[in-house]
Amino acid sequence: MSLLRRLEKLLEDNETSSEKELKIATDGKSLPSEGQSSENRLLSLRDQLMDDVLASLPAGAEQMGDIPLRNLIDDAITNAVQRLGLTIRPEERRFLVEEFLNDVKGFGPLERLLNDPLVTRITVNSPSEIWVERMGTMQRYDWAFRDENHLMRIINRIAQVLGARIDQRVPLLDKTLPDGGRVRAKVPPLSPTPTLSIDKGPENPFAYLLQQRMERQKWQQDAIDQLRQSLQERLMQDIERDPSLLHERDRLIRLLESAFDSEVATRNLVLSRAERMQLQLSLINEILGYGPLQPLLDDPEISEIMVNGPFQVYVERRGKVELTGVRFRDEQHLMRIIEKILLPLGKRVDERVPMVDARLPDGSRVNVVIPPVSLNGPCVTIRKFSRDPLTMSDIISLGTLTPEAAQFLQAAVQAKLNILITGGTASGKTTLLNILSAFIPNDERIITIEDTAELQLRQDHVVRLEARPPNIEGVGEVTIRDLVRNALRMRPDRIIVGECRGGEALDMLQAMNTGHEGSMTTIHANNPREALSRLETMVLMAGMDLPVRAIREQIAGAIDIIVHMARLRDGSRKVMQISEITGMEGDVITMQDLFVFEHEGFDEMGRIRGRLRPTGLRPKCYERFAERGIRLPLTIFQR
């Protein structure tokens, strides 16, 4: 019994289950009702999920292994199902995974027929009409193509495997197959709709051709790899003789083109113009940049790069994570790029020190984890920073906060209030800290303290301090806490700590309480109240046996404003709350919300709609604004 028939029987046995009510509200269509056949239901599922699933796969997905590709397709089905508000059964999911796998690597609905030894002829008269000859009898095939575009995609793949062409200019395909069979296809304008017929023997007639094609591609790739290695060695020899080439990109490109022509002629290789350009660009990126990562680093729409071993690279683009077609040749290639990142910083990563934080010259943050800690091979995470840092007007236009909230935060910075920015990972805490620091007057001395330098302050009088891990002997470590203590002796007007995550929280609170007003820091927390609890915990991590009430009094006296950020499900980053600490009531720190984000639903693109609105409460710190001559209209706090 075929897979399709087994699935149909299983579906029919489950007809009375509660899961059979499947509805999809797209294009005014819904899935078939219980009275219709299982084939129609599966066809509807496949047709409505196809665009989302195939569009989410990376370029070159057909060259991936079956297992990783199946996993990607399964994830894509999950995302599409959630977006459409759909429930599908496990057996339907398994069937759809195989169907989409056939669409990516095989010949779609025809794949099962091509592998069926009893089928001798396949005739496609239209996307919805497929006939097969099995053991001398013509039968109507229940499965079908979604539309003409789907059928054309499969016809084009067949033509590609046969080394032929079929389109409007060449609308006829007629080729003999290796097993003696024949393929005939017609497309518009020669016929009103694409048609296809395949005469075949017991075996899949395209299996041998696909194997040959893969072997040719492997041979071509091996030849290109050898060419790349030879050219890279020649260029490195030229650079050793003349190091100034590293700073003269145009001259280096001319040398590469000259060497490229001679090497290609010597090896008798035939490369298209696109292949030549791609190879030359990859060589330039290997020498002057960071290899396969360089195009991703140059893309302004990408905010994060996640390398999960040499063959899997994800990026975050406009708030959404997606898989790319970028690959490294092997683990050694990836490790060379990692060493290139770490070498200028004097850092290392090896089996003894398998984790390291670093930064790129433009300030982008880098985290590296290698085996034995990482089981996927070397992993690299790069948090990119734009060459032109975002401003307050930029994040207002992005909808991160409102002009009224921005006006209040600007006044808070200028009035030297102590500000704590909270939020989850990748919620935009450091970006907001950068933006708020732009409001600090240029005549103040600012000390920044970070694990890995990320802040991009534009003032003149800035001293940047960075923590240091221990050296290979295990000595020489300089912690954030050491730097906070030392900063107090450097006559700071303001201290900005990139992130509090340990005992340095106590020293930061003491600094805020002893005249260093206007200081700012960030902390990981899910809401402002939880941030206060985390601060208490971090103060205890300093090793001081302080009573809880004393710690809370320190916090209430030090922190003035808490700004809470969040990364929402649509990928957008929003300021969710701006709260003011008002003091203590008993043993509890009291605070009031000044601005709160109000969720208003979703738009037609699935984006979250809402606005950061004032609560109507007048802030306790308003008098401090007046004392410093800052005029802030009370209307911004009115609902």
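- Put simply, the side chain of Leu568 does not reach to within 4.5 Å of the side chain of His599, judged on heavy atoms.
- Between Tyr314 and Thr324, the closest side-chain pair of non-hydrogen atoms is not below 4.5 Å.
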Test log, rule side chain to side chain donor-acceptor pair (under 3.5 Å), inputs His150 and Asp47
CA-CA 10 Å; His150 187 196; Asp47 293 349; 5.7 Å; no

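- The number of heavy-atom neighbours closer than 6.0 Å to CZ of Arg169, taken from other residues, nucleotides and ligands shown, is 12 or below.
- A salt bridge is defined here as a Lys NZ or Arg NE, NH1 or NH2 lying under 4.0 Å from an Asp or Glu carboxylate O, and Asp167 with Arg165 meets this definition.
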Please walk me through it: do Trp131 and Glu133 pass side chain to side chain donor-acceptor pair (under 3.5 Å)?
CA-CA 7 Å; Trp131 290 84; Glu133 183 177 326; over 6 Å; no

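- Legend: side-chain hydrogen bond (donor to acceptor under 3.5 Å, both in side chains) pairs involving residues 293-303, not counting sequence neighbours, sorted by first then second residue: Gln294-Asp298, Asp299-Arg317, Glu301-Arg318, Ser303-Glu316.
- Of all heavy-atom pairs spanning Leu342 and Ala358, the tightest one is CD2-CB, 3.5 Å.
- Considering only heavy atoms from C-beta on, Arg93 comes within 4.5 Å of Ile77 through its side chain.
- Using a 4.5 Å cut-off on side-chain heavy atoms (C-beta onward), Pro127 and Asp147 make no contact.
- Taken to the nearest 0.5 Å, the CG atom of Asp74 stands 11.5 Å off from the CZ atom of Phe100.
- A distance of 13.0 Å separates CD in Gln332 from CD1 in Ile337, rounded to the nearest 0.5 Å.
- Considering only heavy atoms from C-beta on, Ser427 stays 4.5 Å or farther from Arg573 through its side chain.
- Here the shortest heavy-atom pairing between Leu190 and Lys186 reads CD2-CG, 4.0 Å.
- Distance CG/Leu293 to CG/Asn285: 9.5 Å, rounded to 0.5 Å.
- Residue Lys384 places its NZ atom among more than 12 non-hydrogen atoms of other residues, nucleotides or ligands, all under 6.0 Å distant.
- The distance from atom CD of Gln312 to atom CG of Asn71, rounded to the nearest 0.5 Å, is 9.0 Å.
- Side-chain atoms of Glu148 and Thr193 form a donor-acceptor pair, as typed in the model, at a separation below 3.5 Å.
- Considering only heavy atoms from C-beta on, Ile155 comes within 4.5 Å of Ile166 through its side chain.
- Sparse packing is recorded around CE of Met135, with 12 or fewer heavy atoms of other residues, nucleotides or ligands lying under 6.0 Å away.
- To the nearest 0.5 Å, atoms CD1 (Ile302) and CG (Leu297) are separated by 8.5 Å.
- Ion pairing between Asp51 and Arg146 holds under the 4.0 Å rule for side-chain N and carboxylate O.
- At a threshold of 4.5 Å between non-hydrogen side-chain atoms, the residues Glu304 and Ile382 do not count as touching.
- A salt bridge is defined here as a Lys NZ or Arg NE, NH1 or NH2 lying under 4.0 Å from an Asp or Glu carboxylate O, and Asp570 with Lys320 fails to meet this definition.
- Within 6.0 Å of CD in Glu203 there are 12 or fewer heavy atoms belonging to other residues, nucleotides or ligands.
- Counting non-hydrogen atoms of neighbouring residues, nucleotides and ligands closer than 6.0 angstrom, the CD atom of Glu351 reaches no more than 12 such neighbours.
- Among Ile305, Ile338, Ile341, the one residue that satisfies the side-chain contact (heavy atoms from CB on, under 4.5 Å) test with Tyr290 is Ile341.
- A side-chain contact (heavy atoms from CB on, under 4.5 Å) with Glu99 holds for exactly one of Glu111, Arg94, Arg46, Met50; it is Arg46.
- Annotation for Arg121: atom CZ does not count as buried by contact number, only 12 or fewer foreign heavy atoms lying within 6.0 Å.
- A side-chain contact (heavy atoms from CB on, under 4.5 Å) with Val183 is found for exactly one of Leu196, Val161, Asp199, namely Leu196.
- Side-chain polar atoms of Asn376 and Asn308 form no donor-acceptor pair below 3.5 angstrom.
- Between Asp52 and Arg83 there is a salt bridge, since at least one side-chain N of the basic residue sits less than 4.0 Å from a carboxylate O of the acidic one.
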List the steps and the verdict of salt bridge (charged side-chain N to carboxylate O under 4.0 Å, His left out) for Glu98 and Arg70.
CA-CA 8 Å; Glu98 292 301 320; Arg70 272 194 177 90; 2.9 Å; yes

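- Remark: Arg184 CZ is packed, more than 12 non-hydrogen atoms of other residues, nucleotides or ligands lying under 6.0 Å away.
- Checked against the 6.0 Å centroid threshold, Phe311 and Phe328 do not count as a close aromatic pair.
- A distance of 12.0 Å separates CG in Asn149 from CD1 in Ile154, rounded to the nearest 0.5 Å.
- Side-chain contact between Leu173 and Lys175 is present, with heavy atoms from C-beta onward closer than 4.5 Å.
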